Protein chains: 2
Amino acid sequence: MTAQDLDFWSFVDAAVDRAHDRLPGIDPEAMRLVLTLYRVTNMVVYDMESVVHRPRGWSYPGFRLLFTLWVAGPMEAKRAAELSGMSRQAVSALVNTLDRDGLVSKVPDQSDRRAVRLSLTVRGEDALTDAFAAHNARETLWADALSAGERETLARLLAKLGAREGVRRRR
Amino acid sequence: MTAQDLDFWSFVDAAVDRAHDRLPGIDPEAMRLVLTLYRVTNMVVYDMESVVHRPRGWSYPGFRLLFTLWVAGPMEAKRAAELSGMSRQAVSALVNTLDRDGLVSKVPDQSDRRAVRLSLTVRGEDALTDAFAAHNARETLWADALSAGERETLARLLAKLGAREGVRRRR
DNA sequence: GCTAACCAATCAAAGCTTTGACTACCTTGT
DNA sequence: ACAAGGTAGTCAAAGCTTTGATTGGTTAGC
């Protein structure tokens, strides 16, 4: 396989081979794992965003924040950042858009006047329910690439990777 | 587990339960798989970016483009977009930054004057070699969460998901 | 009470990505 | 030759994310 014949996926093989040839000390398996993880996730996210969310006028981050509120109920912006995995600044910017579009309401907290309490509007809840149904249908389409046993194994190994001690998220 | 006790990971369980309760038709397994995939990948990418790349003054996308050129050699911008998984516009914008910083050179193609040929500068190659060593060491740290057999299984299942027919990348 | 430390949120600047539009160039068919 | 269509790259506008700085509010120590 020369450099001329590569495509998006065979690039991973070429990268592993080339790195292994040129840099003796590297770990080819770890490299393949992270490269593949990154590419698959990007592919799935791009698909979700272009098929489900952009046609509805939303972004994937917007959906994630609305979904967070839908799952865990009204909460402070800081907590929404923790649960969704965004930074507080990102939540702040994102809520401006969602508030403008009438999907989220932002109310100053009674007991702590620094905080704002976020909640779905009725319109936000309706829109989320519709978008989530389409989102999940698309998830199923992806998941169907694997057998039930493979899906369980994949989810379990991913969770184990995510639980990695010593390499923790700091935000 | 009430909504008050959730954290970043238990949110996934809560989301699956809550969706299952409120919307009868959804596919909880597919949901868990995609949610977990997304969160793990974001965690790994954030870690790489904050530990390896930002301290060197780079972004993760910048690293990916340099790495693509390092693996497959000089190429047109369009091809770099295909292999790296970025859009042509994204490559165009990114190359402006990398060119400004002296890491990539952009030369008009002789035979097709529409095209530009991208290649690593000497400085770009040196910087990439250094960054890649650190990047791969960090990848190893993550991969060590799993046994050798688990790593192989995970990489294989991810590749199978990425090879999904009927749900293809369109860019 | 009052100051110091801390904390929630936002602002500002820079970077990446996206869609849509546009220019310049190449290629094909007549 | 030359017009029609396709292609490579860029520009523009909007959105999200990041780091670093700032504002306003709370809490703890003296």
Side-chain angles (χ1 to χ4, degrees), chain A residues 38 41-43 45-66 75-82 84-101 103-104 106-118 169-171, chain B residues 38 41-43 45-66 75-82 84-101 103-104 106-118 169-171:
Chain A
Y38 185 82
T41 302
N42 264 14
M43 193 178 254
V45 167
Y46 184 83
D47 180 69
M48 293 292 177
E49 187 144 20
S50 61
V51 171
V52 177
H53 301 300
R54 285 196 191 280
R56 287 173 167 76
W58 296 5
S59 64
Y60 195 71
F63 171 76
R64 278 165 54 212
L65 188 54
L66 294 176
M75 67 185 79
E76 293 184 7
K78 185 196 177 186
R79 182 137 179 75
E82 288 168 1
S84 66
M86 304 174 185
S87 70
R88 277 180 304 159
Q89 294 94 321
V91 169
S92 182
L94 197 45
V95 165
N96 284 338
T97 308
L98 298 174
D99 185 24
R100 181 202 63 192
D101 295 346
L103 301 168
V104 158
K106 200 165 48 164
V107 179
D109 192 298
Q110 299 289 350
S111 57
D112 184 343
R113 280 182 301 168
R114 294 170 303 181
V116 294
R117 194 158 184 79
L118 305 178
R169 136 172 301 197
R170 318 141 293 304
R171 274 192 187 173
Chain B
Y38 186 83
T41 302
N42 263 15
M43 192 178 255
V45 167
Y46 184 83
D47 180 69
M48 293 291 177
E49 189 144 17
S50 61
V51 171
V52 177
H53 301 300
R54 285 196 191 278
R56 285 173 168 77
W58 296 7
S59 64
Y60 195 71
F63 171 77
R64 277 166 53 211
L65 188 53
L66 295 176
M75 67 186 77
E76 293 183 8
K78 186 198 176 186
R79 184 140 177 71
E82 288 169 3
S84 65
M86 303 174 187
S87 70
R88 276 181 304 156
Q89 294 94 323
V91 169
S92 182
L94 197 46
V95 164
N96 285 336
T97 308
L98 297 173
D99 185 27
R100 182 201 63 194
D101 295 345
L103 301 168
V104 159
K106 199 165 51 165
V107 179
D109 191 297
Q110 299 288 352
S111 57
D112 185 342
R113 280 181 302 166
R114 293 170 305 181
V116 295
R117 194 160 184 78
L118 305 178
R169 140 172 297 201
R170 316 142 296 303
R171 277 192 185 174

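The structure presented is a predicted model; accordingly, all values stated were derived computationally and were not measured.
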Legend entry - Separation of D/dC16 C1' from A/Arg100 CZ (nearest whole Å): 13 Å
Legend entry - Value rounded to 0.5 Å, distance of NZ in B/Lys78 from OG in B/Ser87: 13.5 Å
Legend entry - A/Leu98 to A/Gly62 - nearest heavy-atom pair and separation: CD1-O, 4.1 Å
Legend entry - Length of the CG-C1' vector between A/Leu94 and C/dA9, whole Å: 15 Å
Legend entry - Distance in angstrom units between A/Arg56 CZ and C/dT18 P, rounded: 20 Å
Legend entry - Any A/Ser87 side-chain nitrogen or oxygen under 4.0 Å from OP1 or OP2 of D/dT18: yes
Legend entry - For atom CG of B/Asn42 and atom C1' of D/dT18, their distance in whole Å: 13 Å
Legend entry - Position toward the 5' end of DNA chain C (nearest nucleotide), A/Val91 or A/Arg54: A/Val91
Inset, instruction - Using whole Å, report how far NE2 of A/His53 lies from P of D/dA14. - result: 23 Å
Inset, instruction - Measure the spacing between CZ of A/Arg64 and NE2 of A/His53 and express it to the nearest 0.5 Å. - result: 10.5 Å
Legend entry - Distance test, side-chain N/O of B/Tyr60 to OP1/OP2 of C/dT17, below 4.0 Å: no
Legend entry - B/Asp47 CG - D/dT18 C1' separation (whole Å): 16 Å
Inset, instruction - Please give the angle, rounded to 10 degrees, between the axes at the start and the end of the helix from C/dG1-D/dC30 to C/dT30-D/dA1, where five pairs define each axis. - result: 10°
Legend entry - Given B/Leu66, B/Val104, B/Leu65, the one that forms side chain to side chain contact (heavy atoms under 4.5 Å, CB included) with B/Leu94: B/Leu65
Tabulated below should be each protein N or O lying under 3.5 Å from an N or O of nucleotides 6-9 of chain D; please produce it.
{"from": "D/dG6", "atom 1": "N2", "to": "B/Arg114", "atom 2": "NH1", "distance (Å)": "3.2"}
{"from": "D/dT7", "atom 1": "O2", "to": "B/Arg114", "atom 2": "NH1", "distance (Å)": "2.7"}
{"from": "D/dA8", "atom 1": "OP1", "to": "B/Lys78", "atom 2": "NZ", "distance (Å)": "3.2"}
{"from": "D/dA8", "atom 1": "OP2", "to": "B/Lys78", "atom 2": "NZ", "distance (Å)": "3.4"}
{"from": "D/dG9", "atom 1": "OP1", "to": "B/Ala77", "atom 2": "N", "distance (Å)": "3.3"}
{"from": "D/dG9", "atom 1": "OP1", "to": "B/Val116", "atom 2": "N", "distance (Å)": "3.1"}
{"from": "D/dG9", "atom 1": "OP1", "to": "B/Val116", "atom 2": "O", "distance (Å)": "3.3"}
{"from": "D/dG9", "atom 1": "OP2", "to": "B/Lys78", "atom 2": "N", "distance (Å)": "2.8"}
{"from": "D/dG9", "atom 1": "N7", "to": "B/Arg88", "atom 2": "NH1", "distance (Å)": "3.0"}

Legend entry - DNA chain D: 5'-proximal contact among A/Arg113 and B/Gln89 (nearest heavy atom): B/Gln89
Inset, instruction - Return the set of residues passing side chain to side chain donor-acceptor pair (under 3.5 Å) with A/Ser59 (not counting sequence neighbours), or none when no residue passes. - result: none
Inset, instruction - Would you check if B/Phe63 and B/Val52 make a side-chain contact, meaning some heavy-atom pair closer than 4.5 Å? - result: no
Inset, instruction - Report yes if at least one side-chain N or O of B/Ser59 is closer than 4.0 Å to OP1 or OP2 of C/dG15; otherwise report no. - result: no
Inset, instruction - Could you note down all residue pairs passing salt bridge (Lys or Arg N to Asp or Glu O under 4.0 Å) where residues 51-63 of chain B supplies at least one of them, sequence neighbours left out? - result: B/Glu49-B/Arg54, B/Arg56-B/Asp130
Inset, instruction - Whole angstrom is fine here: how far is it from CE in B/Met43 over to P in D/dT17? - result: 16 Å
Legend entry - Distance, rounded to the nearest Å, where B/Asp99 contributes CG and C/dG15 contributes P: 14 Å
Legend entry - Options D/dC16, C/dT17, D/dT17, nucleotide nearest the side-chain atoms of A/Arg64: D/dT17
Legend entry - Test side chain to side chain donor-acceptor pair (under 3.5 Å) applied to B/Asp101 - qualifying residues, sequence neighbours left out: none
Legend entry - Partner residues of A/Lys106 under the side-chain contact (heavy atoms from CB on, under 4.5 Å) criterion, sequence neighbours left out: A/Val95, A/Asn96, A/Asp99, A/Val116, A/Leu118
